[in-house]
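Report on the following structure.
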Amino acid sequence: MSTRLSKGGRLIDRAKRLNFTFNGKPMQGYEGDTLASALLGAGQVMVGRSFKYHRPRGIIASGVEEPNALVGLGRNARFEPDQRTTTTELFEGAETRSQNHWPSLEYDIGEINDSFYKFLPAGFYYKTFMAPQAAWKHLFEPIIRKSAGLGAVPKEADPDRYEQAYAHCDVLVVGGGVAGLAAALREGRAGKRVWLIEQSAHWGGRTPVDGGQIDGFEACDWIKATLQELETMENVTLRTRLMAAGQHDHGYVIGLESVGDTRPGADIPRHRLWRIRAGRTITATGAIERPLAFAGNDVPGVMLASAVRDYVVNWAVSPGDRTVIVTNNDDAYRTALALLDAGLSVPAIVDAREATHGALPQEVKARGVRVLEGRGVARVLGRKQVKGVEICAQAGEGGAIETIECDCVAMSGGWSPVVHLWSHCGGKLIWDAAQAMFRPDPARPPLGADGTAMVQVVGAANGDLSLAAAMGSAGLGACSSDEAPMMPVWQMPAGAPPALRFKSFLDFQNDVKVSDVQLAAREGYESVEHTKRYTTLGMATDQGKLSNINGLAVLSDALGQPIPATGTTTFRPPYTPISLGAIAGEAKGALFQPLRRTPVQSWHEAQNAHWEPVGQWRRPYCYPQTGESHREAVNREITNTRANVGLLDASTLGKIVVKGPDAGRFLDMLYTNMMSTLPVGKCRYGLMCNENGFLMDDGVVARLSEDSWLCHTTSGGADHIHGWMEDWLQCEWWDWKVYTANLTEQFAQIAVVGPKARQLLEKLGGMDVSKETLPFMQWLEGSLGGFDARICRISFSGELSYEIAVPASQGLALWKKLVTEGKDLGVMPYGTEALHVMRAEKGFIMIGDETDGTVIPQDLGLNWAISKKKTDYLGKRAQQRPHMTDPNRWKLVGLETLDGSVIPDGSHAPADGYNANGQRNTQGRVTSTYYSPTIGKGIAMGLVLNGPDRMGEVIEFTGEGEAMIKARITDPVFFDKDGEKQNV
Amino acid sequence: MKRYSMFAVAREAMRYHAGWERAWRSPEPKKRYKVIVVGAGGHGLATAYYLGKVHGITDVAVIEKGWLGGGNTGRNTTIIRSNYLQDPSAAIYEKARSLYEGLSQDLNYNVMFSPRGLLMLGQTEHEVRGYQRTVHANRLQGIATEWIGPERVKELVPILNIDGPRYPVLGALYQARGGTARHDAVAWGYARACSNMGMDIIQQCEVTGISQNAGKVTGITTSKGEIGCENLAIVVAGHSSVMAEMGGFRLPIESVALQAWVSEPIKPCMDVVVMANTVHGYMSQSDKGEMVIGGGTDGFNNYTQRGSWHHVEETTRALVETFPIISRLKMLRQWGGIVDMTGDRSPILSKTPVEGIFVNCGWGTGGFKAIPGSGFAMAELIARGHSPLAAEFNLDRFKEGRFIDESVAAGVAH
Amino acid sequence: MLTLTCPCCGVTAEETEFAPGGEAHPKRFGPDSSDADFEGYLFARANPKGVHFERWRHAYGCGKWFLAARCTATLEVFGTYPAQTTAPPADVIKKIKTKRPEWEGYK
């Protein structure tokens, strides 16, 4: 069993005890512990259950590669599933729970899967669960879903804060081990702006554990001195707990910094997402040790050799009293030395190589440890904890030679460089046969914006595994024990029969075994991507950090081809999982998206307006009074506006000034009708189409002076239309002398609408707004009630209507004044829904309702607004195409239900028969449909086949559910057909 | 061929599964085929499958540059729905959806089609009207969809925040028989079935040229030599323009990157698929327990299968806002695919200026859901020269201005 | 996540500051054009896997449109230049030719 040693532990502070719980059981650790070291220190070897077979699992690793030891951390709103214990720093009060079992970690019903392992090989679900058809959805899938899915589900919204920040540097060095420190030092001394980031809380990587000398100093001293020098450099920034998650194009690196993870509830962000723009990235991300594939290599107590010595040296944790080391290389012997130094027992080292004469094996042998050469592990004994190992000949088929009792197995299959950041943007790898690993190919780096390499790799990440090699590439002398060549071992023993291969795990979390990869190869899933997807190898939360190389080696062997011919799967960001909260950042709740506010917004808010999102604006939909439904409020607003006077905040309306000697000519191209002939002082309604001929925007244009026009656009369209204008002016007619300015937010615009509108303006005084001075479709500037105002007499409701524009800063004051002065006239504000109903009563089209990107002006009976004289305007050529001139296009009409009811939104009119695909033929659809309080019944507009030629005809429309509604085709103008009200 | 079944698995279990045969053969190309399909993705393999199954044409090769199913078939978010607005779209997607219903049984390969239901949230008045229009259209198209209110939405998706401060959920377009399927299995299942009909699936074989004689296709040049054919179907999403250039014609297509990502796995918490187009994001939960997330495309041409990070932020933001409990989940893996975007964002299934060459492309962000219908229609088009399902998706529509615009039903990626 | 340099204001900025606008140097065809020309103008796109000329707008900066030569397979940017031109400038062409001798040239 694992335990805490009485002395040692380079990273822990024994003076600071921390309390935590595991499955409700109180435990203690020290400051500096990870959750994993604390659990092991507290004697907890088994920490979870695997994904598929629910096998007992313990801690394998000491870093980001850990596949097994994931826990649920925290409680209630701060609960987080799938938390990797090996990289989570212990903190006071941490609550942890093991995952994927029921009813408990020790006794898990799901373990039955393991008994049926023979029936559940890779991809068994593709071959089964097919009959009967409905059983998948109703029976099999729910069972599979329930038994899969590792972590528990968070139940509440996350109360924590997440920050996002930018950093810019010449050189980003990723990894604070000795190679990264050396690289940062070199770049820092050269005067570069350097960021050096390290994912853990500590500098030096694994060198302090493994030892050696650098530049004539003990490694630890060199690390200390180097850090001191870096800290004095103003051009160097050092950050720990910051993991480079992804290398993206053009030198963009996403990093995740753990800020408040160990202080839940503190008023600091939990994570900080860094967006780093680096001229160059130097990755010094080290290497990850590979497991060996032997039967039972997943039993709790089987660990990576490097992790075993990490726990002993860094945290003074003994993973077991008696540790058997299984290896194919010299490096693992360092684990034996660390264990012996801590006073622990190493009954044997099982080395697959026939001979071991490197310096490290010699040293270990000299200390009396048995080294079994040419041997392998046939199987591990024990289920919830290692009890021993059966030793066999590596070359054989697994016949047991002897059994050695032990409670820990330290395995090493060699090392794999961490090449993720190199590979994210297409950096290629080469196979290093001597070290049996893929390492970056310097000839094929990822390319940056200028087409040159944007990532460099140093140290173990580059395949320079020994300290001497790693530091040598940095131009520094270093020495550590010489190592003899390793021997690639992909299955132990080499001739393992099926019974052993079915228990030799490659991907621990997803329960993928050697036999699964071999099955995939046998069945033709030969590409490494096929095998990965068929077996789920490397798709667990560690993303194959432990399993990928072993898996593709087994695959290559099964296919009888060299490993480089098999290749690797694609490395994708993030390097380790990062919280969605950090990716989302601060933009949630009220800050989710920018909110555009009109100058009158605060008044609407004070009235408790019911809102409607319109682009990034929020406009009042209606202003319900106490006890009123939205529908009642809308009807009241309409009735009042038609009887008295209403106010609409039209500030969101687009206002673009187009000015210059060629402005008239330009607008003639932009609008379907003629704008150049509009006299100064007058207004004209205009339509804009895109080059496909479809109606895109509409609005009233006012000619302000000889060379300037004010174009009103829809609320949602202002920015787009302004961009559209600029596109044509900059990219097509760049020799035309025209300027545009989007003044939408510079002006408040208030529509004063209704028979008493003129009276209200006259109460404010200062301007003559009489019919004679300011007739319909004209505008006037002046001082209205002390406000500098431009008044357009335009109407979207059919009422006498003035749209008053004042500088944005004056908008609220004008609104309030209109409300006050209008009190005895019955003034009331109205919202967007009343606006919509009133325009529909008048048969005015609305962009987005009558149009949907497939409608041309001709469909809407707007031919009067299309100039016949102009030789060209945007969209004209498109409107000549056969489909656009087809006489059988659906055209706009009014629709009156026979029973007075309201046709539902989106309703369609079926025609006789069915089309070639068995769909009911159609002859029209509703585009706008409302209850009209003015008329007292439902009104609608719609596009109907040959509609204008079918006036008076009754056709059917789809109602709610299966119902149908009869409606008569009418003129779309339902109210005041002659326009008498607006022309007063 | 050995049929897959629970009994077969049990039988094999007794001998450590040593008896399974290859799911598909890996032959060398013959000199000549009646039909060559370029592209062994879902659409290409389904085209071959229905050529054999429906039209009895089995002298077919499917040529693949990389490994089968390795393009967008293996990179999408596996959503299946047919709640489209326009008749031609609704027809082909519903054909596909209905074929998906029985596909596992048809192919004897479990593609795990899971009609668990799909919601498209209405979060603005405008969006609500758009979806209601779809419901009415679907009714006449024979597709079962309905508009449901916010309470029902909350019942179906308890983890959904329907009262967001900015875009409260006003209701949703619900297709109860929409859902997901296992994307890789769709390609593998079709490949196995094609191989069993005697068709040749030739992987690791790159097409470098198209041979023609008097305006008619005669064959292709590949990295494995010349192969002759009577008909050539180009079904290579993401690389359609490149292939078209070999054929000497241009397509109204631009290739852009679309990204997706998954969280770490958690226990089941969401059965239905949810799409939130106003805030630009969609999410479902895979059978493994991962939350599968996607959003919009990049706006610039790109063949790298990598997208721009800011889209990941925007979509994640949208989904954290929509599903507040996911904030503490972690993104496990992010990837990209290259999608063909056409001038009207609808696909092209069409004859081309070269006699004997057919093209199937332009599925944009929504190709996976269409695979069986697309293959069915394409096979019919090749075998009979006409397919009602494909008719409206021809290339001529761009000249005539006869677009199939789905922007009302799907403002963003789907 | 690209970085681009706006040739109008000289600023090098994040992709998020710009808005992409499709293929560069479109030739507009108006009311008198043939069906084929007009269809080509609206829909035919080069869409190469390799060197691509394209339109961008410095939407959240100076507001100006400009053009870029960029590789769609590696995302390398060869250069940016003002929109007021009907073909890529010689220095950009030369730079691409130097880096990509196999490139067929601007069509």
Side-chain angles (χ1 to χ4, degrees), chain A residues 80-82 118-119 121 124 126-130 133 137 141 144-145 148-154 157-158 248 498 519 523-524 527 529 533 541 572-573 577-581 583-584 587-590 592 612-613 848 852-854 881-884 905-908 910 916-917 919-920 922 958, chain B residues 4 6 9 13 16-17 20 22-24 67 70 87 91 104-105 109-110 114-115 124-126 129 132-133 136-137 139-141 165-167 184-185 264-269 287-289 309 313 316-317 320-321 324-335 388 400-402 405 407-408:
Chain A
E80 180 179 10
D82 299 329
K118 277 195 203 171
F119 299 91
F124 72 96
Y126 298 124
K127 296 172 179 151
T128 52
F129 305 141
M130 285 180 276
Q133 192 172 311
K137 185 195 170 194
E141 189 183 36
I144 288 178
R145 276 165 76 83
L150 273 184
V153 180
D158 186 351
H248 298 262
L519 175 64
E523 293 194 273
S527 148
E529 283 286 350
R533 290 152 184 262
T541 63
R572 295 284 187 184
I578 61 178
S579 59
L580 294 176
I583 299 170
K588 58 181 183 180
F592 172 53
E612 173 180 6
D852 62 359
T854 67
R881 290 176 298 186
H883 187 62
M884 305 293 197
D905 269 316
S907 172
H908 281 57
N917 291 314
Q919 297 167 318
R920 184 73 189 264
T922 51
T958 51
Chain B
Y4 289 162
M6 218 168 283
V9 170
Y16 289 103
H17 300 276
W20 291 113
R22 296 180 62 96
W24 50 81
W67 40 281
D87 285 351
S104 296
Q105 292 71 31
Y109 198 106
N110 192 349
S114 173
T124 67
E125 299 288 338
H126 183 255
R129 286 195 291 271
Q132 287 175 338
R133 180 177 163 192
H136 286 278
R139 174 177 159 190
L140 298 178
Q141 290 153 350
R166 195 61 192 276
Y167 298 107
D184 292 322
E264 295 183 314
I266 55 172
K267 292 293 175 190
C269 64
D287 285 345
K288 272 190 78 184
W309 171 259
E313 288 188 5
T316 302
R317 223 166 261 154
V320 168
E321 185 68 11
I325 68 144
I326 69 168
S327 172
R328 290 177 99 86
L329 302 186
K330 295 181 279 291
M331 175 208 265
L332 174 60
R333 182 179 171 89
Q334 176 213 342
W335 66 92
E400 295 163 7
R402 193 176 32 76
D405 192 318
S407 54
V408 172

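These numbers come from a predicted model, not from an experiment. Throughout, protein chains are lettered first and strands after them, A, B, ... in sequence-line order, and every chain is numbered starting at 1.
Looking only at heavy-atom pairs under 4.5 Å with chain B, the residue among A:Ala157, A:Pro882, A:Pro154 that has the most is A:Pro154. Chain B forms more heavy-atom pairs under 4.5 Å with one residue of A:Ala587, A:Gly853, A:Pro498 than with any other, namely A:Pro498. Between chain B and the residues A:Lys137, A:Met130, A:Lys118, the largest count of heavy-atom pairs under 4.5 Å involves A:Met130. Among A:Gly151, A:Ala148, A:Gly524, the residue with the largest count of heavy-atom pairs under 4.5 Å with chain B is A:Gly151. Listed options A:Arg881, A:Arg145, A:Gln133 were ranked by heavy-atom pairs under 4.5 angstrom with chain B; first place goes to A:Arg145. With chain B as the partner, the residue from A:Arg920, A:Lys127, A:Glu80 showing the most heavy-atom pairs under 4.5 Å is A:Lys127.
Looking at every heavy atom in both residues, B:Tyr4 comes nearest to A:Tyr126 through CD1-O, 4.1 Å. The heavy-atom pair separating B:Pro388 from A:Ala916 by the smallest distance is CB-CB, 3.8 Å. The heavy-atom pair separating A:Phe119 from B:Val9 by the smallest distance is O-CG1, 3.5 Å. A:Asp158 and B:Arg328 get closest at one heavy-atom pair: OD1-NH1, 2.8 Å. Nearest heavy atom pair, residue A:Ala584 against residue B:Thr316, reads N-CG2, 4.1 Å.
Only the side chain of B:Arg139 comes within less than 4.5 Å of a heavy atom in chain A; its backbone stays farther off.
Two residues are said to be in side-chain contact when any heavy atoms from C-beta on lie closer than 4.5 Å; B:Lys330 and A:Thr541 fail this criterion. Inter-residue side-chain proximity for A:Lys588 and B:Glu321 is flagged as met; some heavy-atom pair is nearer than 4.5 Å. Using a 4.5 Å heavy-atom threshold, the side chains of B:Ile266 and A:Asp82 count as touching. Two residues are said to be in side-chain contact when any heavy atoms from C-beta on lie closer than 4.5 Å; B:Asp87 and A:Asn917 fail this criterion.
Note on ring orientation: taking the six-membered ring where Trp is involved, the planes of A:Phe592 and B:Tyr167 are perpendicular (angle over 60°, cut-offs 30° and 60°).
Applying the side-chain hydrogen bond (donor to acceptor under 3.5 Å, both in side chains) rule to A:Gln919 yields the partners A:Asn915; only residues at least two apart in sequence or on another chain are considered.
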Before you tell me yes or no, could you show the steps for B:Glu264 and A:Leu150 under side-chain contact (heavy atoms from CB on, under 4.5 Å), namely the whole-Å CA-CA distance, both residues' side-chain angles and the distance that decides it to 0.1 Å?
CA-CA 8 Å; B:Glu264 295 183 314; A:Leu150 273 184; over 6 Å; no

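Side-chain N or O atoms of B:His126 include one that pairs as donor or acceptor with a backbone N or O of A:Gly848 at under 3.5 Å.
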